[in-house]
Amino acid sequence: MPQDGEVYLPKFMNMIKKRNTLITIVNNEDLSFVIPDRSGEVRMLDSLSLDQFLKDDMEPDPVPEELSNRVNSLLVVPDYWFGTVTYKFQSRKKSIIEAFIERKLLAEQPDLPDIKYFFGYIPHEINQKEKGLYVYFLQESKSFQLYAQLVKYDLTPHCITTPAFVWGQKLREIIPDFHNGGKGLVHMLSRKVLLYFF
């Protein structure tokens with residue numbers, strides 16, 4: 001069981017077992033760089049203040065030398081950095097769906113023009129006659145700044161996720177009707193308890 005402040009990533013994630021990978025984690029307003037090994041164990045290299053990393057005039061380079069030539073496989077951000085919404089939508093054609101979602105998100109979040117680049121969706125049936133889309137998207141303004149800074153330091157993340165999405169993936173593998181919803185997970189740490197609702 002991890003202690004508060006330690007990094008815990010389930011070992012089922014194949015992407016972290018590849019050579020030369022890196023995971024970047026935002027936790028409690030800190031940014032941590034984590035290197036996994038092939039066994040699934042992780043080693044935290046460094047942590048720094050997220051606000052400090054987001055400054056344009058950082059001196060010296062905030063990225064540890066050991067991270068050069070590594071692939072940033074995953075960026076893990078707090079759950080509240082993501083928003084979700086469900087839309088009624090009949091088409092299942094990808095290009096039409098994505099254009100629709102972009103328009104809807106930009107109309108609903110006009111102060112976040114980059115939101116159109118940071119969303120995903122899952123088609124689902126609302127009822128027997130109606131189809132819908134479950135849409136998840138980055139909604140925290142710091143997330144767009146963080147992405148731009150990671151690109152600047154040649155650490156562009158291949159995927160962005162949250163602890164709830166990571167746990168959801170694992171729970172789908174072990175709970176047969178997980179997709180029906182109405183599930184909860186209690187994650188007990190030494191000094192706090194995290195609740196995830198699916």
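Heavy atoms only: backbone and side chains are in, while hydrogens, waters and symmetry mates are out.
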For Arg43, what residues pass the side-chain hydrogen bond (donor to acceptor under 3.5 Å, both in side chains) criterion, not counting sequence neighbours? Glu66
Side chain to side chain donor-acceptor pair (under 3.5 Å): which pairs involve residues 107-122, sequence neighbours left out? Tyr87-Glu108
Set of ring pair (Phe, Tyr, Trp, His ring centres under 6.0 Å) partners for Tyr147, sequence neighbours left out: Phe118
Is the Phe53 ring parallel, tilted or perpendicular to the Tyr153 ring (thresholds 30°, 60°)? tilted
Not counting sequence neighbours, list each pair that qualifies as a salt bridge (charged side-chain N to carboxylate O under 4.0 Å, His left out) and has a residue in residues 72-86. none
All side-chain contact (heavy atoms from CB on, under 4.5 Å) counterparts of Leu171, not counting sequence neighbours: Ile174, Ile175, Phe178, Leu185, Phe198
Considering only residues two or more places apart or on different chains, which pairs with a residue in residues 138-149 satisfy salt bridge (charged side-chain N to carboxylate O under 4.0 Å, His left out)? Glu29-Lys142, Asp51-Lys142
Glu130: partners by salt bridge (charged side-chain N to carboxylate O under 4.0 Å, His left out), with sequence neighbours left out: Lys88
What pairs with Thr84 under side-chain contact (heavy atoms from CB on, under 4.5 Å), at least two apart in sequence or on another chain? Tyr134, Tyr136
So, Thr21 versus Ser73: side-chain donor-acceptor pair below 3.5 Å or not? no
Which residues pass the side-chain hydrogen bond (donor to acceptor under 3.5 Å, both in side chains) test with Thr24, sequence neighbours left out? Asn72
Residues in side-chain hydrogen bond (donor to acceptor under 3.5 Å, both in side chains) contact with Ser49, at least two apart in sequence or another chain: none
With sequence neighbours left out, the residues meeting ring pair (Phe, Tyr, Trp, His ring centres under 6.0 Å) with Phe82 are Phe165
